Asks: 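Here it is, the structure, as structure tokens.
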Amino acid sequence: MRVTSQAFRTRAAVALKNVELQRAMAKAKGGFVDKRRVAIEALPEFEQLRSVAREIKEHTLSHLDYYLERFESQVIASGGHVHWARTPAEACEIVVGICGGVGARSVTKGKSMVGEEIAINPALENAGLEVIETDLGEYIIQLAKEPPSHIIAPAVHKTRDQVTDLFQEHHSRYGYNQRVTEIPDIVNEARQVLRDAFLSADVGITGANFLVAETGSTIIVTNEGNGDLTNTLPAVHIVTASIEKVVPTLEDATAILRLLARSATGQEMSSYTTFSTGPRRSTDLDGPKEFHVVLVDNGRSQMLGNEFHEMLRCIRCGACLNHCPVYGAVGGHAYGWVYPGPMGSVLTPLMVGLEKANHLPNACTLNGRCEQVCPMSIPLPKMLRQLRVREFEQRLTPARMRWGLSIWTYLARRPHLYQPVMSILVRLLEILGRKRGRFRYLPFAHGWTKVRDMPAPQGQTFQRAWRQSGDGSRL
Amino acid sequence: MNNNAREQILSDIRRALNRTTSLHKSVSAALMARLAGHSVHVQPVVETDLVNRFIAKSKAVASTVVTVPSLMQVPEAVTQYLTTSSQKLEVVMAPDPLLDDIDWPTSMKIERRQAGRQDVVSITGVFAAIAETGTLVLLSGAHSPTTLNFLPDIHIAIVRRQQIITHIEDVWRQIRSELEGMPRTVNLITGPSRTADIEQTIQLGAHGPRSQHVIVVDAE
């Protein structure tokens, strides 16, 4: 997928004026937040689980090589295959190779963010395969030829009317000529249309929410049942998973599962939590004959060693998106790549390069809600600040802002200069603003005054007021 | 397999973790012990009346539940459920020996096999049922093909009282003691299929069963 994160400002401005998008986002926002809150209030152990989950992931990450090798040997022991891919290109080559090896013509897919990350669909289509997304949201955006705008609700930006139009346009070739406008009918039509795809696919590709080192199992957490039809009906099941998904034991996975659905959709458990371990056994009556796991690195082993390693705890629940005022206002597409919102603003620069995404860490008010709701306690605001520091160090910050920051830094480090300069400035602003009490326009602060007035200072600096009070506690 | 990729990823990880060699013996012994320990973390409190908790939690996720006093009453419960839902008495049933003891009426058309496209109603037993979350546990195997859990419109699961366990972790303990390793699939099923992908409104019956019906057999 092409990275268009550099166009964040223009895309965000367009998104704010997009009536359909704003309508869809307004419908979604409260629902996610309320459901999560209710689910968490009903689980007094939530905070304890949060710290347990953090410990489990930190332990696993600090022995990641051990657990990945253990996972690999257990998959092989259960009759499956493990492939390793450093880059999206390698991952696609492996998946296309497996499909080619079995003479596959059609592929069904369960929702997978790693699949989006490695852009597996175009790779398969270029190899002549038919690819069908089977998660309803993914199916809708596949028809619309759009990327997902949310990591768990990929079509959250679409209104019902837009889905109706898409189905009418694309389903007439299956003989569905009625215009379906009610949600039950829309869902039912997708169910009928996708049945054939499930039953005739040669290969099923899913992602994984977790990998279990102890048993070599891959876990998917879903609600629709499409993931299970995808990993049961075709003759070959391929799992694409990134390396940080591994946890040591089934008990470890269970602890984090208790956080995942609650944080994502406010469910205690999603409808289907499925553990896949190897291909069908000799006495099984159904299930795939081949089971492959493709382990994708794509920059994660680099993150492990730097100040962003905590990001590898992320379990992709989407809570940070749902609670982010910026995401809620502009939607996911403005972010310009696979992962939007706070987690995406950290991951995108790290995965595609800061020079291609340096606006994203700045598209944040540092209000801290993302960290508050993150089930894995990832310090997202701190990381966004660190990326801003990197941006400055790599000279990606616009020149005018660099100068401004340099002057301010120079002054702020020299209190004997800072205080007199500031008191002169404050005095000047006070005199200039005395008449109105506020400024409608200030040079160099247009971005601030464009949408609100700047109140004029009232006489003296904070530091002077502090000194005069003689005792900080009285202020 | 691309061995270069494997070796490079593992060595990049080791470098990131400031390790050049493989793990010290004492460390790998500790990791093996951790894996073998299967230690259980924080669990939600579950009241002691497991049957009622399981039923309440199942209903909360839109499953329908009936209780019958013994296996003998199961056919009647199935017939009644199918009749009320205007379904034909045609089912595809798991070749599970535990279902053999049930005296099914001759009026019901039963096939014992995996599910196919045409099947509307499936009947299965379960490996266990979890009171904590109202979850059914089904393991793939010769007696329990996975397609029965997902392809038909209606899935009827028969749960015996003594199969109801407290927490999710009890499933892992039970698998370790009763089976040799994990089956191909462990399905934790909590309610019927659903989606909220259109305007975040929950709609049942996306791709899996539209209805999840549970018959609890309340006999010792």
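Note that this is a predicted model, so its numbers are computed, not measured. Order of the sequence lines fixes the chain letters, A, B, ..., with proteins taken first and strands second; residue numbering starts at 1 for each chain.
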Asks: With a 4.5 angstrom heavy-atom cut-off, could you sort out which part of B:Ile202 is near chain A: side chain, backbone, both or neither?
Replies: side chain

Asks: Are B:Glu199 and A:Lys158 close enough for a salt bridge, meaning some N to O gap below 4.0 Å?
Replies: no

Asks: Indicate the atoms forming the closest heavy-atom contact of B:Asp197 with A:Pro154, along with that distance.
Replies: OD1-CD, 4.3 Å

Asks: Does a donor on one side chain sit under 3.5 Å from an acceptor on the other, for A:Glu214 and B:His38?
Replies: yes

Asks: Measure B:Gln212 against the heavy atoms of chain A and call it side chain, backbone, both or neither at under 4.5 Å.
Replies: neither

Asks: Kindly give the heavy-atom pair with the smallest separation between A:Ser301 and B:Ala16, and that separation in Å.
Replies: O-CB, 3.5 Å

Asks: Mind ranking A:Glu69, A:Glu251, A:Arg280 by heavy-atom pairs under 4.5 Å with chain B and telling me who comes out on top?
Replies: A:Glu251

Asks: Less than 4.5 Å to any heavy atom of chain A: does that hold for the side chain of B:Pro95, its backbone, both, or neither?
Replies: side chain

Asks: Would you say the side chain of B:Ile13 lies within less than 4.5 Å of the side chain of A:Ile243, judging by non-hydrogen atoms?
Replies: yes

Asks: For the candidates A:Ala153, A:Ala255, A:Gly31, A:Ser62, which exhibits the highest count of non-hydrogen atom pairs separated by less than 4.5 Å from chain B?
Replies: A:Ser62

Asks: Out of A:Arg300, A:Arg160, A:Glu268, A:Arg70, which one racks up the most heavy-atom pairs below 4.5 Å with chain B?
Replies: A:Arg160

Asks: Are any non-hydrogen side-chain atoms of A:Phe275 and B:Asn187 less than 4.5 angstrom apart?
Replies: no

Asks: Within this structure, what is the OG-CZ distance for the pair B:Ser193 and A:Arg191, rounded to the nearest 0.5 Å?
Replies: 6.5 Å

Asks: Could you tell me which residues in residues 224-232 of chain A have at least one non-hydrogen atom under 4.5 Å from a non-hydrogen atom of chain B, sorted by residue number?
Replies: A:Glu224, A:Gly225, A:Asn226, A:Asp228, A:Leu229, A:Asn231, A:Thr232

Asks: Run A:Asp65 and B:Arg19 through side chain to side chain contact (heavy atoms under 4.5 Å, CB included) and show every step you take.
Replies: CA-CA 10 Å; A:Asp65 53 334; B:Arg19 270 196 287 109; 2.9 Å; yes

Asks: Kindly check if the number of other-residue, nucleotide or ligand heavy atoms within 6.0 Å of CD (B:Gln87) is above 12?
Replies: yes

Asks: Going by residue number, which parts of residues 44-62 of chain B are within reach of chain A, meaning a heavy-atom gap below 4.5 Å?
Replies: B:Pro44, B:Val45, B:Lys57

Asks: Most heavy-atom pairs under 4.5 angstrom with chain A, which of B:Asn18, B:Thr195, B:Thr133?
Replies: B:Thr195

Asks: Sort out for me which of A:Asn306, A:Thr249, A:Thr265 touches chain B most, counting heavy-atom pairs under 4.5 Å.
Replies: A:Thr249

Asks: Please output the residues of residues 114-123 of chain B in contact with chain A, using a heavy-atom cutoff of under 4.5 Å, in numerical order.
Replies: B:Gln114, B:Arg117

Asks: A:Thr159, A:Ile183, A:Leu49: which one forms the most heavy-atom pairs within less than 4.5 Å of chain B?
Replies: A:Ile183

Asks: Report which part of A:Gln267 has an atom under 4.5 Å of a heavy atom belonging to chain B: side chain, backbone, both, or neither.
Replies: side chain

Asks: To the nearest 0.5 Å, how far apart are CG in B:Leu17 and NE2 in A:His63?
Replies: 8.0 Å

Asks: By a 4.5 Å heavy-atom criterion (distance strictly below it), what part of B:Leu23 contacts chain A: side chain, backbone, both, or neither?
Replies: side chain

Asks: Which distance, rounded to the nearest 0.5 Å, do you find between the CZ of B:Arg184 and the OG1 of A:Thr283?
Replies: 12.0 Å

Asks: Could you go through B:Ile9 and A:Leu295, starting from their C-alpha distance and side-chain angles, then the distance that decides it, and tell me whether this counts as side chain to side chain contact (heavy atoms under 4.5 Å, CB included)?
Replies: CA-CA 10 Å; B:Ile9 292 170; A:Leu295 294 172; over 6 Å; no

Asks: Select all residues of residues 163-177 of chain B having any heavy atom within less than 4.5 Å of some heavy atom of chain A, and report them by number, or 'none'.
Replies: B:His167, B:Ile168, B:Glu169, B:Trp172, B:Arg176

Asks: Under a 4.5 Å heavy-atom cut-off, does chain B meet the side chain of A:Ser78, its backbone, both or neither?
Replies: neither

Asks: With a 4.5 angstrom heavy-atom cut-off, which part of B:Arg15 approaches chain A: side chain, backbone, both or neither?
Replies: neither

Asks: Got A:Arg195 and B:Leu151 here, is their nearest side-chain heavy-atom distance under 4.5 Å?
Replies: yes

Asks: Kindly compute the distance separating OG1 (A:Thr108) from NE2 (B:His207), expressed to the nearest 0.5 Å.
Replies: 10.5 Å

Asks: Test your reading of the model: is there a side-chain donor-acceptor pair from A:Tyr272 to the backbone of B:Leu188, 3.5 Å cut-off?
Replies: no

Asks: Tell me, for A:Pro279 versus chain B, whether the close heavy atoms (under 4.5 Å) come from the side chain, the backbone, both or neither.
Replies: backbone

Asks: Identify which of A:Val163, A:Leu199, A:Thr87 forms the greatest number of heavy-atom pairs closer than 4.5 Å to chain B.
Replies: A:Leu199

Asks: Out of curiosity, A:Gln74 CD to B:Leu35 CG, how far, rounded to the nearest 0.5 Å?
Replies: 9.0 Å

Asks: Kindly say whether B:Pro192 contributes a backbone atom to a donor-acceptor pair with the side chain of A:Ser271 at under 3.5 angstrom?
Replies: yes

Asks: Could you tell me the separation between the OG atom of B:Ser39 and the CG atom of A:Asp252, rounded to the nearest 0.5 Å?
Replies: 7.0 Å

Asks: When you compare the side chain of A:Asn188 with that of B:Arg210, does any pair of heavy atoms fall below 4.5 Å?
Replies: yes

Asks: Is A:Arg258 salt-bridged to B:Glu132, cutoff N-O under 4.0 Å?
Replies: yes

